[in-house]
Amino acid sequence: MESDLQQILADVEEALPAIESKAQFEQYKATVVGPNGKFTAATKTIGKLPPAERPGAGKLINEYKTRLQARFDEALRRLDSAELAAKVGPPVDVTLPSPDHGPGGAHLVSQVREEICSILRKIGFVVADGPEAETEYFCFDALNTPKDHPARDLHDTYYIHPETRFGNVSRKGGERFLLRTHTSSVQIRTMLEQPPPLRIIAPGRCFRRDTADATHSANFHQIEALYVDKGVTVRDLKADLDYLFRSLLGPDAETRFRPHYFSYTEPSFEVDFRSAHLGKVGSEWMEIMGCGMVDPAVFAEVGYDPEVWTGYAFGLGIERIAMTLYGIDDIRYLYQNDFRFLRQFA
Ligand code: DAH
């Protein structure tokens, strides 16, 4: 009998690996341990043995039954996992590098923003922040901008529906939300929160209702600077701007002030620069930013004593600087997300 059982086990061991589906498996298993199976038939011969041999034979049958069951279980596990693998597809190695792109790089506007901020950090400025959805108070009123100033016009500024809520953005004064037209609003927010002296820069996104062309974009970026202390003069402003432009453009960069008007500074200036370093473009004066000495009316609005405190402020467009530095002749390139363009600066 033992040789029969051995033969059955050997047959099973040989047959199972070739089986490829559960249906095939069940069919085959029935030919071994089903009611008409080979193994079932072998177990039935036990009744024909002399009584003395039956216990030994029973033990043997049990032993082979266990061994067969183990083979069947193993085959079933293999078929189950093959079935699952067929469902989920080929294995994915998540540690392989992406086939699409290499590691990313900072956008040119971000790079230039960081460069300007790091130059200004060296002379003591710290970064301050303010919301892009502002109120008229911070964007205009507190900056001494007259009620009828054209900048407030619907043609120039994006206003937001009055029922829109923006978390807990404070709405001191002005009730209408708008998308800030400049970062100068951060001057007011910072001064209302901190006592003088202070020295802050506020980089960020601004919005104007401009039709996009080579030099205008409805969405652009500025860096605002505000320095408040005792005895600050135009000399400090000029010296710090010279330092900024020399650091950015090289030691031969020059700046020039032209009188201008901004409601929050008095006197106010527009700044031109030039730099032989920039070749042909650099040999002509280029208008680059606005600045001035903080108007006493602004200090009074935020509760700083204008008899004690003095300060300068300036605001510059990041895109303008990036375009000058890299010879880009159309601001729209910066926003088209064309990798062929952006990759050059990454
Ligand atoms: N806010 C002005 C603009 O968007 C730039 C500016 C001018 C900022 C003079 C200032 C300043 O801080 O003092 O055109």
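Counting starts at 1 for both ligands and their atoms, following the listed order. Side chains are part of it too, since the values below use all heavy atoms of this structure and drop only hydrogens, waters and symmetry mates.
When hydrophobic side chains of Ile, Leu, Val, Met, Phe, Trp and Tyr are connected at separations under 4.5 Å, Val94 ends up clustered with Val92.
A centroid separation of less than 6.0 Å is found between the aromatic rings of Tyr264 and His182.
Between Phe262 and His260, the angle of the ring planes lies from 30° to 60°, which puts this pair in the tilted group. Under the 30°/60° scheme for interplanar angles, the aromatic rings of Tyr326 and Phe345 are found to stand perpendicular.
Residues that satisfy the side chain to side chain contact (heavy atoms under 4.5 Å, CB included) test with Val308, not counting sequence neighbours, are Lys230, Asp305. Every residue was checked against the salt bridge (charged side-chain N to carboxylate O under 4.0 Å, His left out) condition with Asp213, not counting sequence neighbours, and none meets it.
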Any protein N or O within less than 3.5 Å of an N or O in ligand 1? List each pair with its distance, or say none.
residue  : atom   : partner : partner atom : Å
ligand 1 : 1 (N)  : His182  : ND1          : 2.9
ligand 1 : 1 (N)  : Ser184  : OG           : 3.0
ligand 1 : 1 (N)  : Tyr264  : OH           : 2.8
ligand 1 : 4 (O)  : Arg208  : NH2          : 2.8
ligand 1 : 4 (O)  : Gln222  : NE2          : 2.9
ligand 1 : 12 (O) : Gln187  : NE2          : 3.1
ligand 1 : 12 (O) : Glu224  : OE2          : 2.6
ligand 1 : 12 (O) : Phe314  : N            : 3.4
ligand 1 : 13 (O) : Ala313  : O            : 3.2

